[in-house]
Chemist: 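Pasting a structure here, questions to come.
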Amino acid sequence: MPNVVVCVKPIPDPRHWDRLFLDPETGVLKRAGIPPALNPLDKNALEVALQLKERFGWEVTVVSMAPPDTTKALREALAMGADRVYLASDKALAGADTLATAYTLAQLIRKKASPFHLVICGNISLDGSTSQVPAQIAHYLGIPHITHATHVETEDGQLFTITMNIKKGELVFRCTTPFLLAVTKDVNLPRLVNVMGIIAAETKPLEVIDARELELDLDKVGLKGSPTRVRGLFIPEIKRRREILTGEPEEVAEELLNKLHEAGVL
Amino acid sequence: MDFTIPEKLELLRKSVAEFAEREIAPLVEDMEKSGEFPKQLIPKLGEMGLLGLVTSPDYGGNGMGFLARAIAIEEISKVSAAVGITLQVHHMGCWPIETFGTEEQKKRYLPKLAREAIGACSITEPSGGSDVFGMKTTAKQEGDYWVINGRKCFATNSHIAETFVIVARTGEDAKGRPAFSAFIVEPDFEGFSIGREENKVGFRGAYSGELIFNDCKVPKENLLGKEGEGLKIALATVNRVGRPGMASISVGLCYASLEEATKFSKERVLYGKPISNLQAIQFLLADIFSYAEAARWLNYRANWMMDQGLPCDTEMTLAKYVATENAFLCARWACEVHGGYSCILEYPVQRYLRDAWVAIPSGGTSQVAKIVLARHVLKNF
Ligand SMILES: Cc1cc2nc3c(=O)[nH]c(=O)nc-3n(C[C@H](O)[C@H](O)[C@H](O)COP(=O)(O)OP(=O)(O)OC[C@H]3O[C@@H](n4cnc5c(N)ncnc54)[C@H](O)[C@@H]3O)c2cc1C
Ligand SMILES: Cc1cc2nc3c(=O)[nH]c(=O)nc-3n(C[C@H](O)[C@H](O)[C@H](O)COP(=O)(O)OP(=O)(O)OC[C@H]3O[C@@H](n4cnc5c(N)ncnc54)[C@H](O)[C@@H]3O)c2cc1C
């Protein structure tokens with residue numbers, strides 16, 4: 001059965017971010033007690049996959065790397081309509097940077113979700129927010145990637161037309177499978193989970209896999225396999241500034257407009 | 001004893017909350033103004049699986065049960081109590097058919113009700129709300145039909161339902177007391193019509209109307225349960241479906257009040273600080289929270305008992321009484337936190353207060369609940 005793989009990252013539920021805090025001593029993000037939720041864009045990624053499933057009968061496999069207590073968030077992906085979830089979870093994987101994350105996910109895809117037509121990611125996570133993982137996964141899998149996708153079209157499930165918004169227009173790509181796609185929120189409106197989906201999800205497979213089973217090179221995973229070193233973390237200071245513009249209303253308006261442009265808010 | 005909400009019900013809560021935010025919230029203002037129910041919502045409630053929550057999979061539902069229903073109605077009612085009562089009375093139209101109906105009746109009505117059609121359950125008459133024996137509508141058997149005459153009022157879903165479970169007087173029992181029977185009525189039965197629609201202070205957008213039976217011909221296979229079982233069916237439906245439904249709506253209103261009051265208190269600045277710094281305001285929030293939690297957990301217990309197949313009529317009445325009264329208090333306190341802004345229609349707390357007011361008589365008044373509870377107390381303590 002042709003397979004479409006979706007990378008889904010559980011993150012601390014954004015509705016409770018007022019409870020997140022950065023330990024100024026250690027630089028560690030404290031997320032204890034905050035329930036996990038799915039990274040919002042990964043739901044858009046899943047929606048692309050589910051529509052392909054409905055059209056072409058493909059199976060949708062979700063892969064993830066996260067602590068084991070995130071299974072309840074991942075159940076939501078099954079309730080939306082995914083067929084199965086593979087969660088790579090192991091103490092050895094903790095502290096991974098984007099490279100180690102991508103290596104692990106690529107290995108998980110190779111071991112459990114191959115062959116595949118397509119790997120779909122969110123374009124960026126709401127917590128780590130590096131936007132690096134999709135391209136890195138594609139690198140490890142040796143397939144092309146298209147990121148920042150705002151529109152995905154296909155007639156036959158083989159040749160895809162992908163639109164990417166750029167600053168002053170659009171880029172349109174044509175690409176045949178297999179490739180990796182990273183989507184933005186403009187690509188679709190993810191479906192809501194319904195009661196039937198919740199009931200069906202209860203019996204769908206959600207498998208937690210450790211590093212040994214994935215036959216990972218332990219030098220390339222977790223903190224040990226992460227070349228990125230965080231030099232410092234700080235909470236940006238947000239300050240109010242005040243400036244009074246004087247002169248003729250029209251000149252002042254012009255000046256205000258310029259200042260807003262300079263500040264990058266317009 | 002384990003008070004953990006099962007994972008799948010947590011997911012249900014989250015999903016229904018998202019649904020309510022996406023599909024219902026944008027409709028509320030219009031419902032408040034026009035008093036009309038947005039019919040386009042019906043198929044969406046069906047697709048979400050909310051119409052089929054208490055109908056078993058054998059008849060096209062999903063049978064997720066009463067605790068699930070309590071959570072779903074709570075989340076819907078946080079956004080719109082009017083959609084909450086529409087849904088809850090719809091379930092009152094499904095449950096008696098599955099519980100007391102024949103195989104043919106279940107097959108004929110339930111799959112559609114679980115997917116795309118709205119049901120209703122109408123007992124109250126101008127002459128009898130609390131006093132069920134005051135019901136005057138009659139049904140007489142004539143050949144292959146029951147001929148019904150009379151008038152029902154306060155029928156929720158009057159103008160959108162495709163199936164009505166109704167109760168009428170069909171004679172006298174052995175002791176000479178009036179005997180009642182239940183029937184399933186379709187809107188296009190000869191002699192049936194929908195009368196006026198009440199213009200209510202709360203639950204705006206949910207229909208409460210009159211049903212008029214004028215020599216209405218109901219095929220004899222539409223008798224629900226046995227002849228003479230009407231009161232039993234009506235009371236079971238009100239007790240086990242209607243009361244927890246009203247309780248769930250009220251719990252939703254309690255939490256909506258809590259959220260709005262808390263938000264406002266953090267935003268409203270007086271004397272240079274948010275009013276949430278004032279202990280008098282904090283005490284109001286503490287009260288809303290306490291009354292909301294008490295209502296919620298009485299309701300969960302009653303619904304959990306229902307799912308376990310335990311007798312729960314007293315617990316359902318208790319939950320309904322406490323939750324509706326608490327919702328009114330919570331909404332009032334939330335209004336207090338808002339000061340003058342509580343009187344402005346843009347702020348939803350005034351709507352919670354109006355909805356909570358209307359929730360109190362719906363499904364039986366507080367006095368009637370207290371009669372039931374006192375009877376229990378005198379017997380058991
Ligand atoms: C405060 C903070 C600072 C960090 N700083 C750095 C840093 O400077 N350098 C660094 O390399 N790492 C850093 N990390 C770690 C980084 O979050 C992880 O490597 C993370 O697993 C992937 O990076 P991302 O969240 O930025 O993913 P992104 O690249 O933004 O994610 C894009 C998409 O990739 C997929 N994806 C990403 N991660 C997973 C996953 N675990 N499981 C399944 N799919 C996934 C999803 O589809 C996601 O939508 C930091 C984390 C935090 C919380
Ligand atoms: C929004 C809404 C929706 C409704 N939906 C439905 C529906 O779908 N189907 C349906 O059948 N009905 C429905 N009802 C009707 C509801 O069940 C009745 O309003 C309720 O039972 C009370 O009846 P009543 O209004 O006739 O009040 P009455 O019975 O006339 O009560 C008047 C007062 O007398 C008090 N009282 C009555 N008896 C006693 C007693 N023995 N001891 C002490 N005090 C007493 C009552 O508590 C109340 O204070 C709905 C009502 C509302 C407001």
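Numbered from 1 within each chain, the chains take letters A, B, ... in sequence-line order. Predicted model, so just to flag it, every value in this text is computed and none were measured.
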Chemist: Going from CD1 on A:I199 to CG on B:L11, what distance comes out if it is rounded to the nearest 0.5 angstrom?
Modeler: 11.0 Å
Chemist: Select one option (side chain, backbone, both, neither) describing which atoms of B:E47 are under 4.5 Å from chain A's heavy atoms.
Modeler: backbone
Chemist: Give me the contact list for residues 61-88 of chain B versus chain A, heavy atoms only, anything under 4.5 Å, ordered by residue number.
Modeler: B:N62, B:M64
Chemist: Could you give the distance from CZ (A:R191) to OG (B:S15), rounded to the nearest 0.5 Å?
Modeler: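 OG of B:S15 is found 13.5 Å from CZ of A:R191.
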Chemist: Which region of A:E76, side chain (C-beta onward) or backbone (N, CA, C, O), has a non-hydrogen atom less than 4.5 Å from a non-hydrogen atom of chain B, or is it both or neither?
Modeler: both
Chemist: Would you mind listing every ring-ring contact (aromatic ring centres under 6.0 Å, His included) that reaches into residues 44-70 of chain A, with sequence neighbours excluded?
Modeler: A:F56-A:W58, A:W58-A:H117
Chemist: State, yes or no, whether a side-chain contact exists between B:K8 and A:E202 at a heavy-atom distance under 4.5 Å.
Modeler: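 A side-chain contact exists here, since the closest heavy-atom pair is under 4.5 Å.
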Chemist: As an exercise, state the distance from CG of B:L45 to CG of A:N194, rounded to the nearest 0.5 Å.
Modeler: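 Answer for the CG-CG pair, B:L45 versus A:N194, is 12.0 Å.
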Chemist: Tell me, with the steps shown, if B:R22 and A:L189 meet side chain to side chain contact (heavy atoms under 4.5 Å, CB included).
Modeler: CA-CA 11 Å; B:R22 191 189 288 183; A:L189 178 66; 3.5 Å; yes
Chemist: With a 4.5 angstrom heavy-atom cut-off, could you sort out which part of B:E18 is near chain A: side chain, backbone, both or neither?
Modeler: both
Chemist: As an exercise, state the distance from CZ of A:R75 to CD of B:E7, rounded to the nearest 0.5 Å.
Modeler: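 Here the interatomic distance stands at 7.0 Å.
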Chemist: Are any of the side-chain heavy atoms of A:V195 and B:M48 separated by less than 4.5 Å?
Modeler: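 When only atoms from C-beta onward are counted, B:M48 and A:V195 do not touch, as no gap falls below 4.5 Å.
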Chemist: Counting only heavy atoms not in B:Q40 (residues, nucleotides, ligands), do more than 12 fall under 6.0 Å from its CD?
Modeler: yes
Chemist: Report, as yes or no, whether the 6.0 Å neighbourhood of atom NZ on A:K72 holds more than 12 heavy atoms from other residues, nucleotides or ligands.
Modeler: no
Chemist: Is it the case that over 12 heavy atoms from other parts of the model lie below 6.0 angstrom from the CD atom of B:E29?
Modeler: no
Chemist: Got a second to check how far A:I198's CD1 is from B:K14's NZ, nearest 0.5 Å?
Modeler: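 Going from the CD1 atom of A:I198 to the NZ atom of B:K14 covers 10.0 Å.
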